[in-house]
Every structure is written in C-alpha cells, then in structure tokens.
Amino acid sequence: MTPDRGLSNKQHSGVKGKKTRLTYALTTNADGSEKLPPIVIGKARRPRAFNKKTGDQLGFHYRNNAKAWMTSSLYGEWIKQWDTELSQKGRKILLLQDNFSGHIVPDGLQSIHVENFEPNLTAHVQPEDQGIIRCFKAHYRARFIQRAINRYDEGITTSAIYDINQLQAMRLADTAWKEVDVTTIRNCWKKAGILPEFAPIAPTQPSLPISALIHDAAIHEDPLTHAEKLVVDALDDLESTGALQATNRMSIEALLNPEGERETMDESTDEEIYQAVMDARNARENIDQNGGDDADSDDGPVQARPTVREVLQAAATLNRYIDELDDPIARKLETTLGSFKHQLRLNRAKSMKSTVLMDFFSHRV
C-alpha cells in the first residue's frame, strides 16, 4: 500500500512493515459441491507461531521455500497425492488450470487429465478469476478488520491492533475459504462460459456469518456482493471506533487487490526459482541438524495460551452479559458456550493422570 493510505489512522515512524507472504492455491469443482483444502506456501518451514509443529499437524497443506512460491516440485507432489486419492476412490476428473510455468504435470497420472488455459485467456475463462478468489479475499479482509476491532476493544494500541502471526492469518484464511459458498462457485463457473449446461443438483444452504442472520436480505443477496459488503461494514465499524480516519480509508479495490500483490512467479527467472528451491533445501538440512526452528523473523513472539481456568472465567463473563439479552443470537451463543465449556472440562479431565496411593511415596531399593 502507498505510504499515506492504509487501515491505520496515522503514520507511525520507525514501525517496520510486516513482510510475511503466503501463496494460496485454490481448487474447486464446477457445481461447488467439493472444495479442496488450499495449498499454502510460506517462507519458513516451521514458523515460530507453529510452536514446533508442522503444517500437517496443524491441519494445513503447508509447504515452504525461500520466496513462498509455487514451484514445479511442490505442484508435482500435490497433484500426485491427489491422483492417488482419486484412484483409490475409482474417480477420474478433468483439471482446468492457468498456464503457469510451475504447473508442470508429472508423468504417470491415472485419474487426473490436465488442460491448461491459453496465456491470454486465463483472466476471461478461469472460474477462479471470475469472483471465487475475490470472494475468498473479501471474507478474509472482513474477518481481519473485525479482529483488529476486537483487539482495539481489548485496549491494544492502534499501532498494534493489526499485528497477526502466520498461524493466525492461516486460520482466518481457512475460515474465509469455507465461507465461499456453493452459489458463488456456481455463478463464477457459469460466468466463465466454458461448460455446457448441466442439470442442477439439490441446493446447498450457503454458510453465512452470524452477523448476516440479523438481516434476512443478506440470504438473498449475491454472495460476492455480500462478501464485499462485509468488508465495507467492517471498515465502518473500525472507523466508528476512531482507530481509522475517513480520509485514510482504503477502497474495496485497494484492499482486495493491493499494490504489489500481482508480483507473481511469472515475472521470475529460472535462476531465481532454482535458488528458491535450493534455499529451502538448505534450510531443511540446517533445521534437521540443529533441531531448531527456522522461524520467520516477522512472526514475532508467540503469546502464551490462556489456561483452561482463564477461558472458563471469560466464558462465564460472557454468559452473565448475554443472560439478560432478549436476542436470538444471544441464545445461540449461550448454547455454543455451554457446549464449549463442557468440552473443555472433558479435555481437562482426560489430560489428568490417574494416581494411586503409592505414587505419593518415593520408591526405595
């Protein structure tokens, strides 16, 4: 973003901008009934926020290299794994993808036939470019801004309310991808105009955030329009707190397509891609040798997680607040909090070690 515009209400001298970058690869079928978990590519193999866990252990298809780029090796690993899964299910599919240099189809695929879009046609016929990606980014931005508002309400300074580590960002993005509903996907495939008409399947209720349930009209609104409206509403809320000034407010277009985001691997040379792969290999070898984490320096320290007792106390505070509210959302939250507290107590009980009387005495030989 340009220096005089942003979500912050003023310039902050000496504040280092975050440079953590993630690449997301999104895949969905034509009728919206199936979305694959995104491929997430970052720079660090085990970012500090992962707390010594791998991306797989945290529930993400996460890979890394020095530039956070999609490479032919990462693409080949992903598509061969997917091909194996499809073969085990007896399925065969046609995969349509953009004509990117890293999308080198490996030999031996049994269940996936790949067709690339012509370079100059991608923006016109690629369903992802017809609104799926934009909807995904809109949901992410709306949640990110609402998160900043929550942090502001907690008393965090304006300069720090936008701080987010890599794992937190990935979890926000995971939720945003789940909120890209069936209607959005179908509309974008239809807009691309590359498929024949097919019989409609039973409609699936789109997933809407709780805030949308307040307004019945949101259910009948175009999903992409609704997603962008969530961003506008979030910006309005942020502005009302005083953390954002109207003169500094970014447009929807600038938020969803920020300057510099289109700097893609297509602009990179073969030497740069090769160096990125080699850097990632060296980092992997170093981490195996010293047993440490190649933590991303932009991630910052990881805050200690609240204890179960602290979480239960916070839930109790929420219960006291919503107890007197005559609101259907409050009642839903009350039920959710009850289930959450019950599960917390079960987990705590399971983690406690059983003891016997002799455990309290030292063993002597």
For [X], all residues meeting side chain to side chain donor-acceptor pair (under 3.5 Å), sequence neighbours excluded:
{"X": "Glu115", "answer": "His113"}
{"X": "Gln343", "answer": "Asn347"}
{"X": "Lys341", "answer": "Asn319"}
{"X": "Asn116", "answer": "Gln97"}

Any side-chain heavy-atom pair from [X] and [Y] closer than 4.5 angstrom?
{"X": "Tyr24", "Y": "Ile133", "result": "no"}
{"X": "Arg151", "Y": "Asp163", "result": "yes"}
{"X": "Leu22", "Y": "Ile41", "result": "no"}
{"X": "Trp82", "Y": "Leu95", "result": "yes"}
{"X": "Glu253", "Y": "Arg134", "result": "yes"}
{"X": "Pro106", "Y": "Ile79", "result": "yes"}

If you compare all heavy atoms of [X] against all heavy atoms of [Y], which two are closest, and at what distance to 0.1 Å?
{"X": "Ala330", "Y": "Leu325", "value": "CB-CB, 4.0 Å"}
{"X": "Asn187", "Y": "Pro223", "value": "ND2-CD, 4.3 Å"}
{"X": "Ser111", "Y": "Ser87", "value": "OG-OG, 2.7 Å"}
{"X": "His139", "Y": "Ala176", "value": "CB-CB, 3.7 Å"}
{"X": "Thr158", "Y": "Ile161", "value": "O-CG1, 3.3 Å"}
{"X": "Leu224", "Y": "Gly131", "value": "CD1-O, 4.1 Å"}

Apply side-chain contact (heavy atoms from CB on, under 4.5 Å) to [X] and list each qualifying residue two or more places apart in sequence or on a separate chain.
{"X": "Arg309", "answer": "Thr307, Gln313"}
{"X": "Leu333", "answer": "Ile322, Leu337"}
{"X": "Ser339", "answer": "none"}
{"X": "Thr336", "answer": "none"}

From [atom1] ([X]) to [atom2] ([Y]), nearest 0.5 Å:
{"X": "Ile39", "Y": "Leu26", "atom1": "CD1", "atom2": "CG", "answer": "9.0 Å"}
{"X": "Leu256", "Y": "Tyr140", "atom1": "CG", "atom2": "OH", "answer": "12.5 Å"}
{"X": "Leu36", "Y": "Glu85", "atom1": "CG", "atom2": "CD", "answer": "8.5 Å"}
{"X": "Lys35", "Y": "Ile185", "atom1": "NZ", "atom2": "CD1", "answer": "5.0 Å"}
{"X": "Ile145", "Y": "Asn150", "atom1": "CD1", "atom2": "CG", "answer": "12.0 Å"}
{"X": "Ser101", "Y": "Tyr75", "atom1": "OG", "atom2": "OH", "answer": "12.0 Å"}

Please, which pairs that meet ring pair (Phe, Tyr, Trp, His ring centres under 6.0 Å) have at least one residue in residues 318-340, sequence neighbours excluded? none
Checking His61 against Val40 for the side-chain contact (heavy atoms from CB on, under 4.5 Å) test, could you report, in this order, the C-alpha distance in whole Å, the side-chain angles of both residues, the deciding distance, and whether it holds? CA-CA 6 Å; His61 186 99; Val40 189; over 6 Å; no
Please step through side-chain contact (heavy atoms from CB on, under 4.5 Å) for the pair Trp69 and Leu74, ending with a clear verdict. CA-CA 9 Å; Trp69 285 343; Leu74 294 182; over 6 Å; no
Of all pairs that satisfy salt bridge (charged side-chain N to carboxylate O under 4.0 Å, His left out), the ones with a partner from residues 72-83, not counting sequence neighbours: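 Counting only pairs at least two positions apart or across chains, the salt bridge (charged side-chain N to carboxylate O under 4.0 Å, His left out) contacts touching residues 72-83 are Arg63-Glu77.
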For residues 311-326, which residue pairs qualify under salt bridge (charged side-chain N to carboxylate O under 4.0 Å, His left out), counting only residues two or more places apart or in two chains? none
What do the steps show when you test Thr54 against Asp56 for side chain to side chain donor-acceptor pair (under 3.5 Å), and what is the final call? CA-CA 5 Å; Thr54 66; Asp56 291 337; 5.1 Å; no
Check the pair Arg249, Asp236 against side-chain contact (heavy atoms from CB on, under 4.5 Å), reporting the backbone distance first and the verdict last. CA-CA 10 Å; Arg249 177 168 169 161; Asp236 289 341; 2.7 Å; yes
Is there a donor-acceptor pair closer than 3.5 Å between any side-chain N or O of [X] and the backbone N or O of [Y]?
{"X": "Lys53", "Y": "Leu58", "answer": "no"}
{"X": "Arg141", "Y": "Leu255", "answer": "yes"}
{"X": "Asn64", "Y": "Lys43", "answer": "yes"}
{"X": "Lys92", "Y": "Gln110", "answer": "yes"}
{"X": "Ser72", "Y": "Gly102", "answer": "no"}
{"X": "Asn29", "Y": "Glu34", "answer": "yes"}

Would you tell me whether Thr184 and Asp181 have side-chain atoms, one donor and one acceptor, within less than 3.5 Å of each other? yes
Just checking, is any N or O donor in the side chain of Gln166 or Arg48 under 3.5 Å from an acceptor N or O on the other one?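 The criterion, which ignores hydrogens and geometry beyond distance, is not satisfied for Arg48 and Gln166.
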Trace of the salt bridge (charged side-chain N to carboxylate O under 4.0 Å, His left out) decision for Asp174 with Lys178: CA-CA 6 Å; Asp174 188 58; Lys178 290 175 181 176; 3.4 Å; yes
Check salt bridge (Lys or Arg N to Asp or Glu O under 4.0 Å) between Arg345 and all other residues, then give those that pass, not counting sequence neighbours. none
Is there a path of hydrophobic side-chain contacts, each under 4.5 Å between heavy atoms of I, L, V, M, F, W or Y residues, that connects Val114 with Ile104? no
Would you confirm whether the ring centroid of Phe50 sits within less than 6.0 angstrom of the ring centroid of Tyr62? yes
Could you walk me through whether Val308 and Leu312 pass the side-chain contact (heavy atoms from CB on, under 4.5 Å) test, one step at a time? CA-CA 6 Å; Val308 172; Leu312 290 174; 3.9 Å; yes
